[in-house]
Amino acid sequence: VDADSDTALLAALRAGNADAFEDVVRAWSPGLLRAARTYTPTEAAAQEAVQETWLAVLDGLPRFEGRSRLRTWVHGILANVARRRGVQERRSVPLSALAGDGDGNGLVDPGRFAGPGEARPGSWRDDAAPEAWGPEVSVLTDELRAMLLEALVMLPERQRQVVVLRDLEGLTTPEVAEVLGLAEGNVRVLLHRGRMRLRQLLEDYVRERAARGSQVPR
Amino acid sequence: MTAGPAAPGAVPCVQVVELLGDHLEGALPPARAQQVAAHLLGCRGCSALLGQLRTAITLLGALADPGPRA
């Protein structure tokens with residue numbers, strides 16, 4: 001949604017154009033529901049949060065000042081609604097526990113780098129360096145879709161929220177920071193950690209497929 | 001081109017792996033950005049990792065497209 005269409009959309013919504021509102025609800029609800037699932041403990045709570053969000057949007061439209069994109073604003077309302085609803089269920093993870101400590105810190109297996117006593121310490125070991133992937137992961141197959149969705153659910157809550165808003169919903173990093181009430185630097189740390197976990201999963205998948213493939217007699 | 005960094009004293013791979021997040025977001029300070037760019041030119045492992053991250057990001061974006069899940 002670029003700025004111009006945002007302006008046109010906002011004008012239509014403010015004029016009480018029911019078709020425009022229905023279109024937006026239809027277009028944005030799947031993404032909002034995806035985000036809501038990362039805030040709330042149950043599917044039912046997520047759906048209720050999205051419904052409450054749309055009511056709050058209708059309610060708040062006259063006061064929307066256009067300082068952020070409309071979609072970012074809606075996501076911000078959802079985050080607040082969900083936070084209020086799910087507050088007793090949430091485990092809050094201190095950000096310090098998620099920050100990098102300057103040592104790779106679980107981004108990849110530390111055993112893949114040469115140790116202090118070896119040649120080129122801190123460099124990839126020759127047999128453990130990442131390799132370029134082939135076409136097996138260039139398209140989102142049903143298998144990959146299922147695998148990634150499952151892995152997203154397993155991410156720590158904050159990482160999952162950031163990855164969903166940034167990479168699935170397409171918000172910018174400043175927008176994600178605004179919606180979640182985090183500093184941009186923290187968003188970048190959480191984003192990188194989340195992406196790196198999913199990358200590792202894909203790497204395992206690629207290796208497993210290669211191993212399986214090499215067992216097939218030719 | 002080797003799996004490791006081009007020159008001794010350069011930023012080691014283990015640190016580049018951490019910096020790739022800010023690299024992708026365009027958030028590195030200019031001097032750091034240059035170091036990382038130079039490292040990537042000489043390091044097959046780290047440039048492969050960057051490519052993998054980009055693939056992961058593309059696949060995540062595709063997750064949001066209307067799929068079999070209604």
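Within every chain, numbering begins at 1; the chains are lettered A, B, ... in the order of the sequence lines, protein sequences first and strands thereafter.
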Asker: Where the side chain of H192(A) meets the backbone of L19(B), is there a donor-acceptor pair that is under 3.5 Å apart?
Answerer: no

Asker: In Å and rounded to the nearest 0.5 Å, what is the CG to CD1 distance from L198(A) to I57(B)?
Answerer: 10.0 Å

Asker: Which value, rounded to the nearest 0.5 Å, describes the distance between L60(B) atom CG and L152(A) atom CG?
Answerer: 6.0 Å

Asker: Which atoms of R112(A) come close to chain B, meaning under 4.5 Å heavy atom to heavy atom: side chain ones, backbone ones, both, or neither?
Answerer: neither

Asker: So, do V16(B) and W124(A) sit near enough that their side-chain heavy atoms are less than 4.5 Å apart?
Answerer: no

Asker: Just verifying a value: how many Å separate R54(B) CZ and R195(A) CZ, rounded to the nearest 0.5 Å?
Answerer: 10.0 Å

Asker: Give, as side chain, backbone, both or neither, the part of V206(A) having an atom under 4.5 angstrom from any heavy atom of chain B.
Answerer: neither

Asker: What part of L202(A) lies closer than 4.5 angstrom to a heavy atom of chain B: side chain, backbone, both or neither?
Answerer: side chain

Asker: With sequence neighbours excluded, tell me which residues meet salt bridge (Lys or Arg N to Asp or Glu O under 4.0 Å) with R207(A).
Answerer: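 Here the qualifying residues are E203(A).
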
Asker: Under a 4.5 Å cut-off applied to non-hydrogen side-chain atoms, are E25(B) and V187(A) in contact?
Answerer: no

Asker: Above 12 or not: heavy atoms from other molecules or residues under 6.0 Å from CD of E43(A)?
Answerer: yes

Asker: Distance check, rounded to the nearest 0.5 Å: L49(B) atom CG versus Q200(A) atom CD?
Answerer: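 L49(B) CG to Q200(A) CD: 9.5 Å, rounded to 0.5 Å.
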
Asker: What's the separation between atom OG1 in T55(B) and atom CD in E136(A), rounded to the nearest 0.5 Å?
Answerer: 10.0 Å

Asker: Which bit of Q52(B) is near chain A, if near means a heavy-atom gap under 4.5 Å: side chain, backbone, both or neither?
Answerer: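 It is both, since atoms from each part get that close.
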
Asker: Nearest 0.5 Å, please: how far is CG in L50(B) from CZ in R199(A)?
Answerer: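 Separation between the atoms: 11.0 Å.
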
Asker: Is L24(B) in contact with chain A via its backbone, its side chain, both, or neither, using a 4.5 Å heavy-atom distance?
Answerer: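 Answer is side chain: those atoms of L24(B) sit under 4.5 Å from chain A.
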
Asker: Please lay out, stage by stage, how L20(B) and M196(A) fare under the test side chain to side chain contact (heavy atoms under 4.5 Å, CB included).
Answerer: CA-CA 10 Å; L20(B) 283 183; M196(A) 283 296 283; over 6 Å; no

